[in-house]
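As structure tokens, the structure follows; a few thoughts come after it.
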Amino acid sequence: MTHILHIDASARPGIAGTENHGSHSRHLTYQFVSQWQSGRPQDTVTYRDIGQNPPSIINHDWIASAFTPEKRLEPWMREALAESDQLVDELMAADILVIGTPLYNFGMPAALKAWVDQVVRAGRTVEIDESNPTDPYIPKLNDRPRHAVILTARGGVNMSPGEEMAHMNHLETHLATALGFIGITRLHSIAIEGQEVGGELLAASVAEAVDKVEALVNELQVAFRDASIPEPA
């Protein structure tokens, strides 16, 4: 079976197209996950709505605990890391990470940054090789093929890589750097643009993104089906 970790980061709780002021990124994640489950009902999904229930921001206790060797952790340190441990366990269990997020002020929402800070963690998702000071980081989540599907919504337009406003979009690049650092390098990005403009431009962007999500689900399901078929002896 394939396991999906579905994360929504939008501050808007509803889904665009069904509720007033709904979220376009939630629209895309709902489309992805529902289509996936329709084609592969045997697969499982863990859902975390960090837009409505943000992870804790890391603090002094978290840092002191995260950089203390496991054998020396005191009870209060284990408590300080309990939320991080749960979030890391969810991520490590996933074959596909689906993140729905808006672009807020040129980057990711604070709730998503808090999640990133909780899961990028020495000893859990990345090892540090002190014998190699120039490049000491060893990702731990490259033990098997994991995919990340980043489904975004932007108020502006022409913000994809290579386009004229791309310099104002640090969302996907930030996520790609953070996920690649811990070993998740198979990335797929789809965006809705023009939310501030609305009208036909937004409608066309939504329709195009939904079509891309449908095609991506089909592509990944074929890939996972083929991967589960053993090679002939």
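A single hydrophobic cluster is seen to contain both Met108 and Phe181, as judged by linkage of ILVMFWY side chains at heavy-atom distances under 4.5 Å, directly or through other members.
Side-chain contact annotation: Asn158 with Ser160, donor-acceptor N/O pair under 3.5 Å absent. No hydrogens or angles considered: nothing links the side chains of Gln118 and Ser56 as a donor-acceptor pair under 3.5 Å. Residues Arg78 and Ser65 have side chains that never bring a donor and an acceptor to within less than 3.5 angstrom of each other. Judged by distance alone, the side chains of Thr46 and His3 do bring a donor and an acceptor atom under 3.5 Å apart. For the 3.5 Å distance criterion, the side chains of Thr2 and Asp95 fail to qualify, holding no donor opposite an acceptor.
Contacts of Asn142 classified as side-chain contact (heavy atoms from CB on, under 4.5 Å), with partners at least two apart in sequence or in another chain: Pro139.
Here Asp85 pairs with Arg121 in a salt bridge; the nearest charged N to carboxylate O distance falls below 4.0 Å. Ionic pairing of Asp89 and Arg124 is present here: one or more N-O contacts between side-chain nitrogen and carboxylate oxygen are shorter than 4.0 angstrom.
Of all heavy-atom pairs between Ala94 and Leu5, the closest is CB-CB, 3.7 Å. The two residues Val119 and Thr125 have their closest heavy-atom pair at O-OG1, 2.6 Å. Of all heavy-atom pairs between Leu175 and Ile99, the closest is CD2-CD1, 4.3 Å. Heavy atoms only, all atoms of each residue included: Gln221 and Gln35 are closest at NE2-O, 4.2 Å. The heavy-atom pair separating Pro109 from Pro102 by the smallest distance is CD-O, 3.5 Å. Val213 and Ile190 get closest at one heavy-atom pair: N-CD1, 3.6 Å.
Clustering of Ile, Leu, Val, Met, Phe, Trp and Tyr side chains at separations under 4.5 Å places Ile63 together with Ile58, Trp62, Phe67, Leu73, Trp76, Met77, Leu81. Within the hydrophobic cluster formed by Ile, Leu, Val, Met, Phe, Trp and Tyr side chains joined at under 4.5 Å, directly or through other members, Tyr47 stands alone, with no partner residue.
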- Item | Verdict with reasoning, Met1 to Thr44, per side-chain contact (heavy atoms from CB on, under 4.5 Å) | CA-CA 7 Å; Met1 290 193 303; Thr44 54; 4.3 Å; yes
- Task: Please assess Ile7 against Val98 for the test side-chain contact (heavy atoms from CB on, under 4.5 Å), listing each intermediate value before the final yes or no.
- Result: CA-CA 6 Å; Ile7 294 175; Val98 179; over 6 Å; no
- Task: Output, in order, the C-alpha distance, side-chain angles, deciding distance and verdict of side-chain contact (heavy atoms from CB on, under 4.5 Å) for Leu179 and Arg146.
- Result: CA-CA 10 Å; Leu179 294 174; Arg146 288 182 175 87; over 6 Å; no
For residues 199-207, tabulate all N or O donor-acceptor pairs below 3.5 Å that involve a side-chain atom, not counting sequence neighbours.
| from | atom 1 | to | atom 2 | distance (Å) |
| --- | --- | --- | --- | --- |
| Ser205 | OG | Glu193 | N | 2.8 |
| Ser205 | OG | Glu193 | O | 3.4 |

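Judged purely by atom type and a 3.5 angstrom limit, Asn218 uses its side chain to pair as donor or acceptor with the backbone of Glu214. Under the 3.5 Å distance criterion, the side-chain polar atoms of Thr101 are left unmatched by any main-chain donor or acceptor of Thr152. Judged by distance alone, with hydrogens and angles left aside, the side-chain atoms of Gln52 form a donor-acceptor pair with the main-chain N or O of Ala11 at under 3.5 Å. Using modelled atom types, one side-chain atom of Arg26 and one backbone atom of Arg12 make a donor-acceptor pair closer than 3.5 Å. When atom types are taken as modelled, the side chain of Ser34 and the backbone of Tyr30 share a donor-acceptor pair closer than 3.5 angstrom.
With values rounded to the nearest 0.5 angstrom, His188 atom NE2 is found 10.5 Å from Leu151 atom CG. Taken from CD1 in Ile96 to CD1 in Ile4, the straight-line distance is 5.0 Å, to the nearest 0.5 Å. Rounding to the nearest 0.5 Å places NE2 of His170 at 8.5 Å from CE of Met159. In this structure, CD1 on Ile128 lies 9.5 Å from CD1 on Ile138, to the nearest 0.5 angstrom. Note that NE2 of His6 and CD of Gln37 are 10.0 Å apart. Values are rounded to the nearest 0.5 Å. Going from atom CE of Met92 over to atom CD1 of Ile182 covers 9.5 Å, rounded to the nearest 0.5 Å.
Under the side-chain hydrogen bond (donor to acceptor under 3.5 Å, both in side chains) criterion, the residue pairs touching residues 102-116 are Lys113-Asp117, with sequence neighbours excluded. For residues 14-23, every residue pair satisfying the side-chain hydrogen bond (donor to acceptor under 3.5 Å, both in side chains) rule, not counting sequence neighbours, is listed here: Ser10-Ser23, Ser23-Ser25.
Considering only heavy atoms from C-beta on, Leu103 comes within 4.5 Å of Asn169 through its side chain. Counting only heavy atoms from C-beta outward, the side chains of Leu171 and Phe106 never approach each other to under 4.5 Å. A 4.5 Å side-chain heavy-atom check between Leu28 and Val210 finds at least one atom pair inside the cut-off.
Less than 6.0 angstrom separates the ring centroid of Phe224 from the ring centroid of His147.
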